[in-house]
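Everything on this sheet refers to the single structure shown next.
Chain A is the first sequence line, chain B the second, and so forth, proteins listed ahead of strands; every chain is numbered from 1. What you see is a predicted model; the values in this text were computed from it and never measured.
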Amino acid sequence: MRQEQAEVLIIGSGHAGGMAAKILTEKGISCLMLNAGPIVDVARNAERKPAYELPYRGFKPPGRLAHVFQSNEFNANVWVDEEEVPYTFAPQNPYNWVRVRLFGGRSLFWSRQSFRLSDYEFKAKSKDGFGEDWPIGLEDVAPYYSRVEEIFQVYGKPEGLPQYPDGNFVIDENPWPTSMLRFAEAGKKIGVPVCRQRSSHGRDGLASSINLLLPDAFATGKLEAVENAVVRNLTVDKNTGLINGANFVDRLSRREMTVKAKRVVLAAGTLESTRLLMNSGLANSSGVMGHYLMDQIYGAGITCSVPEARGGKATRELMGGSALVPRFRNIDTKADGFLRGYALNVTSSLSALEARNFAAYGAELQKKMDEYYGSAFHMTIMGEVLGRYENLVRINKDVVDAWGIPVLDIQTKYTDNEYNMAKDAVKTAVAMSESAGFEVLSKNEMPNPPGYSIHEVGTCRMGNDPKTSVLNKWNQSHDIKNLFVVDGACFTSAGWQNPTMSILALSMRASEYMAEQIRQGNI
Amino acid sequence: MQRREFMRAVVSAAAAPTVLLGQQQNTAAPTPPAPVPWTAGLNPSTPVPTAEIAEAVAEGAPRFFTPAQMATLTRLSDLLLPPIGSKPGAVAAGVPGFLDFFVGSSPADRKQMYQGGLDWLDSEAKKKYSKPFAQLDAEQADTLLKPWLRTWMSDHPPMEKHADFVNVAHADIRAASINSKPWSDAPAAGAQEKTQVALYWYPIEPDPYCTRSMATPQPKRGAKPTQPGTEIRRNY
């Protein structure tokens with residue numbers, strides 16, 4: 001057994017942990033990374049198959065993954081099984097906790113939408129009085145966003161909108177098809193901006209910790225990693241109050257292991273990082289740990305058809321492509337019924353419209369589907385969820401996971417702010433579509449359950465006041481200075497944006513600060 | 001040793017003799033010492049056996065629906081997705097038997113929706129036409145089905161009683177048909193959908209000591225929601 005302490009122990013290997021490993025090792029600091037699940041080898045672990053070769057013809061295996069709406073029979077084995085690692089909630093308020101424990105975590109499967117937060121998020125309280133401002137602003141994070149965008153090869157176009165901050169983009173000059181131009185024109189009439197999407201292209205089609213961050217860290221020779229290491233708790237030096245290591249259980253052998261470390265970076269994913277701190281009984285002098293769980297509302301939206309594309313007339317000039325409507329509510333005017341705002345994902349496709357868009361069956365349905373083929377135009381919401389004290393997670397001591405570790409009880413629900421926002425989004429989408437001459441086929445105003453967006457953030461929020469926040473503006477614990485939490489748990493407000501770019505930029509920023517503190521001998 | 005490394009070691013041990021022999025051919029290599037490791041035979045030139053899917057050669061044993069429910073489901077499947085062009089209909093795609101297996105393996109809420117829905121259709125048929133649903137002609141059945149058809153977005157099927165069953169069963173019958181081998185084997189016309197072919201992930205380093213019974217059961221679903229929209233929406 002090794003005697004010396006790891007310079008830095010990193011728990012988690014996704015975007016947050018991968019970035020910490022890259023930055024710290026490139027500064028010459030040795031890191032030990034623990035990841036709860038195994039390394040994936042796609043050549044060995046996966047194979048292309050037709051659905052009829054699977055037991056359930058592609059349907060999600062019955063009884064499994066009830067809260068992972070994204071799952072199906074093809075991908076059922078990549079998600080954390082909610083019986084192996086359960087969580088609890090009040091039956092009337094279910095939560096969709098969507099987890100991946102493979103090496104690289106959810107960075108393997110994310111949708112790659114790549115947005116900066118704006119000062120409408122960082123300084124949200126100053127604008128509308130609700131919640132808390134972040135202790136940082138866009139100008140603090142912008143240089144890190146730029147470097148992250150470079151690494152992740154973010155395609156986009158400068159739009160000059162303060163709520164949709166421009167970045168270091170590979171310029172996307174693809175011309176929009178005419179249906180998208182019509183939609184943008186319809187937006188212009190009612191003051192709704194329709195912009196270019198921003199998306200990470202990464203390398204070889206993958207924009208993951210696995211191919212963009214971890215290889216750089218391993219190349220330094222300073223990173224050691226252990227797979228299948230399920231961390232039970234962090235340990236503390238009684239004399240100094242500082243963290244001095246962690247206990248973990250080997251997932252496969254069930255052997256209990258101990259590792260010593262001088263400093264810890266938590267990057268296990270928002271709720272797992274918080275669960276680990278709570279199970280360790282650490283860093284919560286403020287009492288706000290676990291509170292202010294946020295995400296984004298998804299699931300509301302509409303599906304349309306572009307009439308000119310029907311009857312086999314869909315062409316690349318008319319259809320296809322995507323756009324983003326950034327938040328436009330509560331920017332210059334005040335919306336009725338809700339604070340903050342939402343974005344709309346806009347996609348147009350040259351392929352089939354699903355059968356459920358037609359109230360027909362049999363030959364009549366097939367005729368409709370033939371006729372409408374290639375004319376699909378979709379809008380779906382990404383709406384900000386307000387940070388509320390009463391939306392929380394806590395340890396449920398009565399329930400343990402497969403390794404005997406107490407699980408999280410998740411108590412969260414949406415409020416009228418979210419429901420009103422979803423209704424407004426559908427109303428606006430319908431108005432724009434009709435103005436553009438599209439036919440609305442189906443719509444839904446009801447958000448999916450909380451958690452569905454896989455954008456859970458908060459529960460260890462950052463702030464300047466140690467009495468009302470868990471982390472300082474460098475993602476460092478107010479209570480324990482050799483502890484950093486670099487994943488989404490640090491968020492003070494959620495925004496409408498996919499949080500990945502912000503998690504990456506904040507992890508980079510925190511890791512550079514940490515490296516400097518180490519160099520100066522402060523931690 | 002990690003299992004992956006072990007497997008690599010096995011593979012390279014198996015591959016090594018061939019490579020070495022290849023390199024030594026010009027120098028009249030000595031015959032390798034017998035016996036040759038049996039794993040040397042597990043190489044790409046040894047064909048892997050081919051297999052049929054069980055459904056192609058055998059019938060599933062019915063186990064869940066009653067004979068009356070099965071008759072209703074079979075008629076419903078034939079009505080909602082009849083043979084069109086060269087494609088088989090839902091019945092030829094073995095959908096009623098598949099759904100008997102699939103629904104019978106499912107949590108209680110899906111079971112109840114199917115059982116209740118099939119019984120309801122049959123009783124409506126008897127009320128209106130004095131015969132079972134299975135014996136209705138297409139026009140008669142249409143009067144029972146059409147009023148309940150809705151358009152909807154994924155994860156949000158209709159919640160209204162009867163509309164929920166009709167629309168979810170319709171979606172299930174279509175998906176089970178399109179993802180069947182008979183459908184896949186038949187040529188498509190127009191915009192007929194394709195069988196899903198995708199990357200299937202095997203269990204990745206499954207935990208040999210994990211027994212599902214160790215885990216604590218989830219809270220029961222189906223309790224009255226206090227907020228609209230937060231209940232689980234028929235996502236099994």
Side-chain angles (χ1 to χ4, degrees), chain A residues 38 40 45-54 56-60 62-63 66 69 74-75 77-78 82-84 86 88-89 91-94 102 228 251-252 254 299 301 303 352 355-363 366 369-370 373 399 402 413-414 419 441-444 446-449, chain B residues 4 53 79-82 84 98 102 105-107 110 145 149-153 155-156 167 170-171 174-176 179-181 184 190-193 195-205 207-210 212 214-216 218-221 223-232 235-236:
Chain A
V40 181
N45 298 132
E47 185 185 352
R48 262 182 91 73
K49 280 180 184 269
Y52 55 77
E53 287 186 5
L54 306 179
Y56 298 106
R57 296 193 184 185
F59 285 92
K60 177 157 60 178
F69 290 9
F74 290 92
N75 67 25
N77 292 316
V78 308
E82 62 190 70
E83 293 193 26
E84 191 175 34
T88 58
F89 46 78
Q92 70 274 21
N93 292 318
L102 305 174
N228 299 314
R251 184 177 70 91
L252 300 175
R254 310 271 158 153
T303 300
R356 61 181 147 70
N357 289 296
F358 308 98
Y361 62 87
Q366 190 58 53
M369 291 178 71
D370 291 348
Y373 188 88
V399 183
K413 61 185 181 190
Y414 292 152
Y419 294 118
L441 299 177
S442 59
K443 54 186 177 181
N444 169 50
M446 211 50 91
N448 291 344
Chain B
R4 182 179 310 102
I53 60 168
L79 286 159
L80 292 178
L81 186 53
I84 297 171
F98 170 76
F102 179 64
S105 315
S106 291
R110 183 189 270 145
L145 295 172
L149 294 175
R150 305 281 184 269
T151 65
W152 48 284
M153 292 187 63
D155 298 325
H156 295 271
N167 289 277
H170 185 201
R174 287 190 64 87
N179 282 343
S180 71
K181 184 138 198 317
S184 174
Q192 285 184 315
E193 287 159 277
T195 301
Q196 195 183 3
V197 180
L199 198 64
Y200 171 75
W201 290 86
Y202 293 98
I204 302 160
E205 294 256 28
D207 176 354
Y209 301 104
C210 177
R212 287 167 74 83
M214 278 180 66
T216 308
Q218 289 290 299
K220 273 273 170 282
R221 282 194 269 122
K224 268 265 175 277
T226 56
Q227 282 281 335
T230 50
E231 70 270 33
I232 293 291
N235 192 297
Y236 303 92

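- For chain A, the nearby part of B:Glu193 is the side chain; its heavy atoms alone come within less than 4.5 Å.
- The most heavy-atom pairs under 4.5 Å with chain B, out of A:Gly58, A:Gly301, A:Ala352, come from A:Gly301.
- Geometrically, A:Arg57 engages B:Phe98 in a cation-pi contact, judged by NZ or CZ lying under 6.0 Å from the ring centre and within 45° of the ring axis.
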(request) Kindly indicate, with the supporting measurements, whether the criterion side-chain contact (heavy atoms from CB on, under 4.5 Å) is fulfilled by B:Tyr200 and A:Asn77. (result) CA-CA 9 Å; B:Tyr200 171 75; A:Asn77 292 316; 3.6 Å; yes

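- By number of non-hydrogen pairs under 4.5 angstrom with chain A, the leading residue of B:Ser105, B:Ala198, B:Ala175, B:Ser184 is B:Ala198.
- Between A:Ala51 and B:Asn179 the shortest heavy-atom distance is CB-CG, 3.4 Å.
- In this structure the side chain of A:Phe69 reaches within 4.5 angstrom of the side chain of B:Asp155, judged on heavy atoms.
- By number of non-hydrogen pairs under 4.5 angstrom with chain B, the leading residue of A:Asp370, A:Leu441, A:Thr303 is A:Asp370.
- Considering all non-hydrogen atoms of both residues, A:Ala46 and B:Leu199 come closest at CB-CG, 3.7 Å.
- Residue contact with chain B, scored on non-hydrogen atoms closer than 4.5 Å, involves the backbone and the side chain of A:Tyr56 alike.
- Neither the backbone nor the side chain of B:Ala171 comes within contact range of chain A; no heavy atoms are under 4.5 Å apart.
- Note: B:Thr151 leads B:Thr195, B:Asn167, B:Thr151, B:Leu149 in heavy-atom pairs under 4.5 Å with chain A.
- Taken to the nearest 0.5 Å, the CZ atom of B:Arg174 stands 11.5 Å off from the CZ atom of A:Arg356.
- By number of non-hydrogen pairs under 4.5 angstrom with chain B, the leading residue of A:Arg48, A:Lys443, A:Met369, A:Glu53 is A:Arg48.
- Between B:Val197 and A:Lys49, every side-chain heavy-atom pair lies at or beyond the 4.5 Å cut-off.
- Under the 30°/60° scheme for interplanar angles, the aromatic rings of B:His170 and A:Tyr361 are found to stand perpendicular.
- Once rounded to the nearest 0.5 Å, the distance linking CG of A:Asn448 with CE of B:Met153 reads 9.5 Å.
- Looking at A:Gln366, only its side chain comes within 4.5 Å of chain B, counting heavy atoms on both sides.
- In plain terms, the two heavy atoms of A:Ala363 and B:Pro82 that are nearest each other are N-CG, 4.4 Å.
- Highest contact tally toward chain A, considering only B:Leu80, B:Leu145, B:Ile53, is held by B:Leu80 [criterion: heavy-atom pairs under 4.5 Å].
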(request) Carefully, step by step, assess A:Phe74 and B:Trp201 under the rule side-chain contact (heavy atoms from CB on, under 4.5 Å). (result) CA-CA 6 Å; A:Phe74 290 92; B:Trp201 290 86; 5.8 Å; no

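- For the pair A:Tyr373 and B:Ala191, the tightest heavy-atom approach, listed with the atom from each and the gap, is CD1-CB, 3.3 Å.
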